[in-house]
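These notes are about the structure you will find just below.
Letters A, B, ... are given to chains in the order of the sequence lines, protein chains preceding strands, and every chain is numbered from 1.
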Amino acid sequence: MPLDEQYATIVDALPSDGDGLAAVGLGICWPNTSPFSAATEISIRAGETLTEAADRLKLRWSPRWLVDAGFVATDKTGAVVSHRKPSIGGGPITWSPDVRMCRVEDQVPNSTPAGSARYERRLAGEVALLALWHRAIEESGVGDMRPSGDIVGNTRGARFRDFLVYVLNAGLPQGWEARHEVSLTSIRGLHMRRGVGGRKSDIVVIDDGGRLVAVISSKWTWRSDRGTEAAQMVPLRQFRPDIPYTLVTAEFSRAKVVARESVEDRTYHLCPDWVGAWLAIGQSDEPRAEFPTLDDLVAQGRSVADNLGLAGLPDLLRDLKESGTIL
DNA sequence: AACCTATCGGCGGAGAAATC
DNA sequence: GATTTCTCCGCCGATAGGTT
């Protein structure tokens, strides 16, 4: 169960607030780098502010989101520019740190031509997500924990699961425990049953009395075909209907469907507010005008997440701790 | 080495909705 | 009414760790 050395040092300094947790979770599992990142290197004219350049270029995304998040823009002379400070020499914008956005959208292919409506929509969502994430790591004081390259294979799911186990163990009361790879036959009520076999649970939460509080399934991304038939569910539902079965995911484009239709008792999202902001941007005709600042995005994201009923990791911890104390 | 199990992630297409 | 765009569904290939 040990955390991979690559990210163990990061989660040792795990923040306790929701945004900080979300930032670390998203960071260590950072989805594949988006080729759209280069589109943030817009060309500014001498005498222009970033806002004026964005207006002229009719950007869907707002450079100010990045500035508010702590990115610094410089023009070709190396002079800092912002929504307030005009450029002296003009030229292409360089962002510091590098803009490295991630792809969370599987409906708009990487090959989509720049300028098309779908391209611009995906771009705006990716910029917003990067800004929200970057502000969170800045405010939490954790460094950039993103893997240097893209993660391939099934390792992202394992990272996410280990992260969740760590978060649970750090946030649950003394004596409680979150474990994964627990054999289902070791759960009272599932022993000596047919069809349980050698199956393992995803994550189980046990309280200080050794009682099973909940079973948690972690899925970095979600698809309808693999979301509904978790092998462990059937015996659990049949023999231990008293145990809540929950899902934690980081799925973006299907977040609404997950919240609405997944078979689990409850679902939680790694970063509900950011999904909310991302959805709001996708739906807006002019997101830059509608949400000029990063604070606007944060507020809108929270509102959308609330309306959709998306819960986050702090909600999961709270719900677990409030489990019944009367047997 | 071959096989098995588990987990993502990209993609194409069906059907609905919006737009012309 | 036709065409384009959007949303959603779920198929299945890629990858890796464990097992025989």
d([atom1], [X]; [atom2], [N]) in whole Å:
| X | N | atom1 | atom2 | value |
| --- | --- | --- | --- | --- |
| Asp162(A) | dC8(B) | CG | P | 12 Å |
| Trp278(A) | dT7(C) | CH2 | C1' | 11 Å |
| Arg223(A) | dT7(C) | CZ | C1' | 14 Å |
| Lys256(A) | dC9(C) | NZ | C1' | 15 Å |
| Asp225(A) | dA6(B) | CG | P | 15 Å |
| Trp222(A) | dG10(B) | CH2 | P | 18 Å |
| Arg159(A) | dG17(C) | CZ | P | 12 Å |
| Arg161(A) | dT7(B) | CZ | C1' | 10 Å |

Please classify the nucleic acid contact of Asn110(A) as base, sugar-phosphate, or nothing, using heavy-atom distances under 4.0 Å.
nothing

Heavy atoms under 4.0 Å, any strand shown: does Thr249(A) hit a base, just sugar-phosphate, or nothing?
nothing

Out of the candidates Asp295(A), Asp19(A), Asp68(A), only one should pair with Arg135(A) under the side-chain hydrogen bond (donor to acceptor under 3.5 Å, both in side chains) rule; please name it.
Asp295(A)

Run through Arg103(A), Arg100(A), Arg146(A) and flag the one making a side-chain hydrogen bond (donor to acceptor under 3.5 Å, both in side chains) with Thr33(A).
Arg100(A)

Between the side chains of Glu286(A) and Arg60(A), is the shortest nitrogen-to-carboxylate-oxygen separation below 4.0 Å, so that they form an ion pair?
no

Do Arg223(A) and Glu251(A) meet the salt-bridge criterion of a basic N to acidic O distance under 4.0 Å?
yes

Using the side-chain heavy atoms of [X], tell me which of these nucleotides is nearest: [options].
| X | options | value |
| --- | --- | --- |
| Val257(A) | dC11(C), dC9(C), dC6(C) | dC9(C) |
| Trp220(A) | dG10(C), dC8(B), dG10(B) | dC8(B) |
| Arg118(A) | dC8(B), dG10(B), dT7(C) | dT7(C) |

Trp30(A): partners by ring pair (Phe, Tyr, Trp, His ring centres under 6.0 Å), with sequence neighbours left out
Trp133(A)

At less than 4.0 Å, is any side-chain N or O atom of Ser224(A) found next to OP1 or OP2 of dG10(C)? Yes or no.
yes

Thr77(A)/Asp75(A) under side chain to side chain donor-acceptor pair (under 3.5 Å): CA gap, chis, key distance, verdict:
CA-CA 5 Å; Thr77(A) 66; Asp75(A) 64 15; 2.6 Å; yes

Below 3.5 Å is the cut-off: list the nitrogen or oxygen pairs between protein and nucleotides 12-20 of chain B, distance only.
none

Using a 6.0 Å cut-off, check whether atom CG of Asp242(A) has over 12 heavy atoms from anything other than its own residue.
yes

